[in-house]
Asker: 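I'd like to ask some things about the structure below.
Heavy-atom basis, side chains included; hydrogens, waters and symmetry copies ignored. Throughout, a chain's letter reflects where its sequence line sits, starting with A, and its residues are numbered from 1.
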Number of protein chains: 2
Amino acid sequence: MSQPDTKQRLLDVAERLFATGGFHATSLRAITCAAEVNLAAVNYHFGSKEALLEAVMARRLGPLNVIRQDRLEQVAQRAVAEGEKPDLRALWTAFITPTLELRRPESGAEYFLSLIGQVLADTNGVLMQVFLRQMSPLFQRLFELTCQALPGVPRQTLFWRVHFAIGSMSHLMRSNDRVPVKPEGVDTDVDIDAITEMLLDYTLAGLEAPL
Amino acid sequence: MSQPDTKQRLLDVAERLFATGGFHATSLRAITCAAEVNLAAVNYHFGSKEALLEAVMARRLGPLNVIRQDRLEQVAQRAVAEGEKPDLRALWTAFITPTLELRRPESGAEYFLSLIGQVLADTNGVLMQVFLRQMSPLFQRLFELTCQALPGVPRQTLFWRVHFAIGSMSHLMRSNDRVPVKPEGVDTDVDIDAITEMLLDYTLAGLEAPL
DNA sequence: GTCTATACGATGATAGAC
DNA sequence: GTCTATCATCGTATAGAC
């Protein structure tokens, strides 16, 4: 390998350009030019433009999902140990916190979240299928534990409420800095911890809503 | 005009193909072929592919926003007349109900919602800007009335909660039939009235969540 | 194995004849 | 208003240099 970091450079540049300019609007020529590699390098190393995006996602999603799964199981085991229902707030904290942590500039994944937000929205795309294959076990587990935590709410109802919660979260991920409407007297530039707590309060109240 | 309904046919076909196949994946050649018009007709009548989508959106969004704005003002005026705060449930019913009504096959706009969901997700796109310009007054008004209905919650907090609510709603719009994960014992094919009520319960609980 | 140069078909857009 | 012809650019594929 004369250029040992060609793949790495492609992943980094693609993540940034896809996130800032959009997947479809970003050409392979723009990526390979910015990464200072040949155009054909993408197809050689990854196979296609879609496969490149898939690799960009997998690189971050893999470790992230391990963390979320671990923290989810910790909450589940604590519930078993204490012989009680899983703690709802702990459950959703385990799911939300590691995700929003990526918004911190120090994480090195500042562009990743808005990228995921885009993919999550592309209902018809193949990318969605790829993403879901990675996420499906986590979603299933989160749903089951939420059902255990809220035995009073019908599964059917909880399914849709979890669906709504995912919607809020993905919408937040997508709105990196640009928030649709900024009314007077509102500062949209709040820190991550504050937003995380607001999302948690909102989501928990929704999940526990009276029937 | 030898073909007086060329524009109309283009709008109808484009709405259907954009919604089912995705905006980027649908070529102008596929649209003009299905509509049985010449390829250049799109650029003649609308100017560009993006402008065509904009026209498709505006055709439905205009009347819909008039309805939503009217119903919002009805709630506001009732509050003034009774000298009380606006009713929160009535407020969000006015916003959500006319929208989800479009999911009914009889509405003739069955493809529209998933199209809007796509646009709402394309954070970086020009389409988003177009959409927001149409929606911004409605969002502003909904936010202000929500603030009036919940004077105990800080504007800053309510801003984000409204943001989360919009996220749930757009996520629901996007998932026309295809829901990411279907756990056991859950029927995802519920009727619109039931889903509307579940979304309302969820959203209201979130907006009113304790601090 | 890795990179380069080059070519192919399809796309969105446009100019000009009718 | 409608059509044909043509353009630059896109994602992709491949042959050949190192």
Asker: Have A/Trp160 and B/Thr188 got a donor and an acceptor in their side chains that come within less than 3.5 Å?
Answerer: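 There is no such pair between these side chains.
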
Asker: Just N and O in the side chain of A/His45: are any of them under 4.0 Å from OP1 or OP2 of C/dC3?
Answerer: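 Yes, A/His45 has a side-chain N/O under 4.0 Å of OP1/OP2 on C/dC3.
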
Asker: Does any N or O in the side chain of A/Gln156 come within less than 3.5 Å of the main-chain N or O of B/Asp187, such that one atom is a donor and the other an acceptor?
Answerer: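 Looks like yes, one N/O pair under 3.5 Å.
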
Asker: To the nearest angstrom, how far is B/Lys7 atom NZ from D/dG1 atom P?
Answerer: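 Computing the B/Lys7:NZ to D/dG1:P distance gives 8 Å.
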
Asker: I need the A/Phe164 CZ to B/Asp201 CG distance, nearest 0.5 Å.
Answerer: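 A/Phe164 CZ to B/Asp201 CG: 9.5 Å, rounded to 0.5 Å.
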
Asker: Could you tell me whether the side chain of B/Ser107 and the main chain of B/Arg103 form a donor-acceptor pair under 3.5 Å?
Answerer: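 Answer holds: no.
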
Asker: Using atom CG of B/Asp5 as one end and atom P of D/dG1 as the other, report the distance to the nearest whole Å.
Answerer: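 For the pair B/Asp5 CG and D/dG1 P, the rounded distance is 12 Å.
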
Asker: Would the B/His171 and A/His171 ring centres measure less than 6.0 Å apart?
Answerer: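 Judged by ring-centre distance (under 6.0 Å), B/His171 and A/His171 do not meet the cut-off.
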
Asker: Any luck finding a side-chain donor-acceptor pair between B/Ser114 and B/Arg174 under 3.5 Å?
Answerer: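 The answer is no; no qualifying pair exists.
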
Asker: Identify each atom pair where a protein N or O and an N or O of nucleotides 4-9 of chain C are less than 3.5 Å apart, giving names and distance.
Answerer:
{"unit_1": "C/dT4", "atom_1": "OP2", "unit_2": "A/Asn38", "atom_2": "N", "d": "3.3"}

Asker: Taking only side-chain nitrogens and oxygens of B/Thr6, does any of them come within less than 4.0 Å of OP1 or OP2 of D/dG1?
Answerer: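 No, outside the criterion.
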
Asker: Roughly, in whole Å, what's the span from NZ in A/Lys49 to C1' in C/dT11?
Answerer: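 Between C1' of C/dT11 and NZ of A/Lys49: 13 Å.
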
